[in-house]
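Positions are given from 1, in the same order as the sequence printed here. Every value quoted in this text rests on a predicted model; they were computed, and no experiment measured them.
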Amino acid sequence: MDNFPIRNFFWAILLLLPAVVSGDCTCDPEDVDRDKGLALKYKGAAIASILVASAVGVCLPSAGKRFPALSPERGFFFIVKAFAAGVILSTGFIHVLPDAFESLTSPCLPDKPWGDFPFTGFVAMLAAIGTLMVDTYATSYYGRRSRVKAEEGKVVSDEETAVPIHTHASHGHAHGAVSLSGDTELLRHRVISQVLELGIIVHSVIIGIALGASESPKTIRPLIAALTFHQFFEGIGLGGCITQAKFNTRTVALMALFFSITTPSGIAIGIAITNTYSETSSTTLIVQGIFNAASAGILIYMALVDLLSADFMSPKLQNNGKLQLGANVSLLIGAGCMSLLAKWA
């Protein structure tokens with residue numbers, strides 16, 4: 001799973017998206033106060049603050065190695081993860097999906113076919129189903145591969161230890177079952193973390209380009225604080241998944257790095273294409289709308305199925321009333337905080 005092609009997809013997004021979102025205007029842009037010099041200063045501040053907030057957020061759950069209270073085995077980790085899942089769920093429903101609806105139902109687009117069919121919901125649904133398929137097949141494939149390796153290891157072990165098999169065989173088999181179950185769970189966490197990062201990256205590049213291409217200080221100023229908190233909270237959610245996946249240090253560092261630089265990279269691309277970018281271009285609206293709808297489908301599925309359902313139905317939470325209450329309250333707070341940010345971003 002360490003070689004999952006998320007890095008290739010990341011670079012493809014960065015290279016191809018600017019080309020397709022720049023185009024001729026089909027609708028008159030809104031009149032806004034433009035000041036290129038001041039806007040550029042704000043963009044520089046946005047890159048710095050978002051980069052730091054993203055890095056701190058995604059690395060915070062890894063602090064569990066140094067702070068026992070944040071360890072995935074502790075109840076407090078469930079509460080933190082519920083907060084993060086609420087943030088991701090709100091991102092999908094409150095931030096990304098409405099943006100997709102706004103883009104694909106814009107009056108700047110031709111009525112046919114965009115006015116004849118609810119493409120936003122359709123694309124989000126397909127993305128959610130696609131995520132389910134990737135989740136299922138990836139977990140199944142790596143689960144089978146893990147079982148084959150376990151069986152091969154057992155055969156080698158049995159051949160090397162030609163001593164009384166009675167006691168040791170059953171003992172060894174029990175260990176194998178426990179190890180296999182743990183491996184399957186670990187592989188599932190790895191699939192979840194990488195698919196989740198994929199959904200976040202798509203949306204982050206788009207919002208970065210939109211901010212970087214803007215020349216209005218009044219528009220950029222409130223977005224700096226809003227997107228800083230946005231990326232920080234998203235980073236906590238992703239970081240929690242990465243921690244549970246127990247990747248090696250190199251993979252953790254790469255995943256954290258890609259998440260941290262995605263939005264700043266989008267802003268840099270937006271600055272570079274300011275003169276050709278048009279937020280009212282039909283090409284821009286269609287590409288942004290489809291990518292946002294797909295991202296929303298991925299994030300909503302991951303939050304509900306892989307994060308919340310898996311934890312809230314686990315025996316640890318079901319058998320602990322206080323922990324259950326704390327997780328529910330934390331979920332509502334996370335979703336509420338992220339929803340509130342929609343007022344500014």
All heavy atoms of Ile94 vs all of Ala342, minimum pair found to be CG2-CB, 3.5 Å
Gap separating the CG atom of Leu109 from the CG atom of Asp111, nearest 0.5 angstrom: 9.5 Å
Are more than 12 heavy atoms from other residues, nucleotides or ligands located less than 6.0 Å from atom CZ of Phe229? no
Begin from the C-alpha positions of Ile192 and Leu307 and carry the test side chain to side chain contact (heavy atoms under 4.5 Å, CB included) through to its verdict. CA-CA 8 Å; Ile192 289 170; Leu307 301 181; 4.2 Å; yes
What distance do Ile207 atom CD1 and Leu223 atom CG have between them, rounded to the nearest 0.5 Å? 9.0 Å
pair Ile242-Phe259: side-chain heavy atoms closer than 4.5 Å: no
Within the side chain of His95, is there an N or O that forms a donor-acceptor pair under 3.5 Å with the backbone of Met338? yes
Nearest non-hydrogen partners of Phe247 and Ser193, listed with the distance: CE1-OG, 3.2 Å
Looking only at heavy atoms, the pair that brings Phe78 and Leu317 closest together is CD2-CD1, 4.2 Å
Distance-only donor-acceptor pairs under 3.5 Å for side chains of residues 292-303, two or more places apart:
from: Asn292; atom 1: OD1; to: His203; atom 2: ND1; distance (Å): 3.4
from: Asn292; atom 1: ND2; to: Gln288; atom 2: O; distance (Å): 3.4
from: Ser295; atom 1: OG; to: Gly199; atom 2: O; distance (Å): 2.8
from: Tyr301; atom 1: OH; to: Asp135; atom 2: OD2; distance (Å): 3.3

Is the backbone of Glu102 close enough, under 3.5 Å, to the side chain of Ser106 for a donor and an acceptor to pair up by distance? no
Which atom pairs, one a donor and one an acceptor, fall under 3.5 Å between side chains of residues 47-55 and the rest of the protein, sequence neighbours left out?
from: Ser49; atom 1: OG; to: Ala45; atom 2: O; distance (Å): 3.1
from: Ser49; atom 1: OG; to: Ala46; atom 2: O; distance (Å): 3.3
from: Ser49; atom 1: OG; to: Thr228; atom 2: OG1; distance (Å): 3.2
from: Ser54; atom 1: OG; to: Ile50; atom 2: O; distance (Å): 2.7

Look at the side chain of Arg190 and the backbone N and O of Lys246, then say whether any donor-acceptor pair between them is shorter than 3.5 Å. yes
Parallel, tilted or perpendicular, as decided by the 30° and 60° cut-offs, for the rings of Phe117 and Phe122: perpendicular
In the single-linkage hydrophobic clustering (I, L, V, M, F, W, Y; side-chain heavy atoms under 4.5 Å), do Ile88 and Leu332 co-cluster? no
Is there a path of hydrophobic side-chain contacts, each under 4.5 Å between heavy atoms of I/L/V/M/F/W/Y residues, joining Met313 to Leu304? no
Going through the checks in order, is the side chain to side chain contact (heavy atoms under 4.5 Å, CB included) test met by Leu227 and Leu211? CA-CA 10 Å; Leu227 290 179; Leu211 189 151; 3.4 Å; yes
side-chain hydrogen bond (donor to acceptor under 3.5 Å, both in side chains) against Ser330, all qualifying residues, sequence neighbours excluded: none
Within the structure provided, determine whether Asn320 and Gln324 are in side-chain contact (heavy-atom separation under 4.5 Å). no
Check step by step if side chain to side chain contact (heavy atoms under 4.5 Å, CB included) holds for Trp114 and Leu285. CA-CA 11 Å; Trp114 303 103; Leu285 290 168; over 6 Å; no
Is the shortest heavy-atom distance from the side chain of Val56 to the side chain of Phe232 under 4.5 Å? yes
Taking Gly239's backbone N and O only, do any of them form a donor-acceptor pair with Thr243's side chain (distance below 3.5 Å, no angle check)? yes
Listed by chain and number, what are the side-chain hydrogen bond (donor to acceptor under 3.5 Å, both in side chains) partners of Ser90, not counting sequence neighbours? Ser339
For residues 294-305, which residue pairs pass the salt bridge (Lys or Arg N to Asp or Glu O under 4.0 Å) check, not counting sequence neighbours? none
Find the distance between CD1 (Ile129) and CE (Met125) and round it off to the nearest 0.5 Å. 5.0 Å
If you measure from CD1 on Ile236 to SG on Cys59, what distance do you get to the nearest 0.5 Å? 11.5 Å
With sequence neighbours excluded, what pairs up with Lys81 under the side-chain hydrogen bond (donor to acceptor under 3.5 Å, both in side chains) test? Gln244, Asp311
Atom of Phe233, atom of Cys337 and distance for their closest heavy-atom approach: CE1-CB, 4.4 Å
Of all the heavy-atom pairs spanning Gly212 and Thr274, show the shortest one and how long it is. O-OG1, 3.6 Å
Using the side chain to side chain contact (heavy atoms under 4.5 Å, CB included) rule, take Phe83 and Ile79 through it: C-alpha gap first, then chi angles, then the decisive distance, then the call. CA-CA 6 Å; Phe83 176 88; Ile79 294 177; 6.0 Å; no
To the nearest 0.5 Å, what is the distance between NZ (Lys43) and CG (Leu38)? 10.5 Å
Nearest-0.5 Å distance that lies between atom CG in Asn319 and atom OG in Ser314: 8.5 Å
Return the minimal non-hydrogen interatomic distance between Ser204 and Glu234, and the atom names on each side. OG-OE1, 4.2 Å
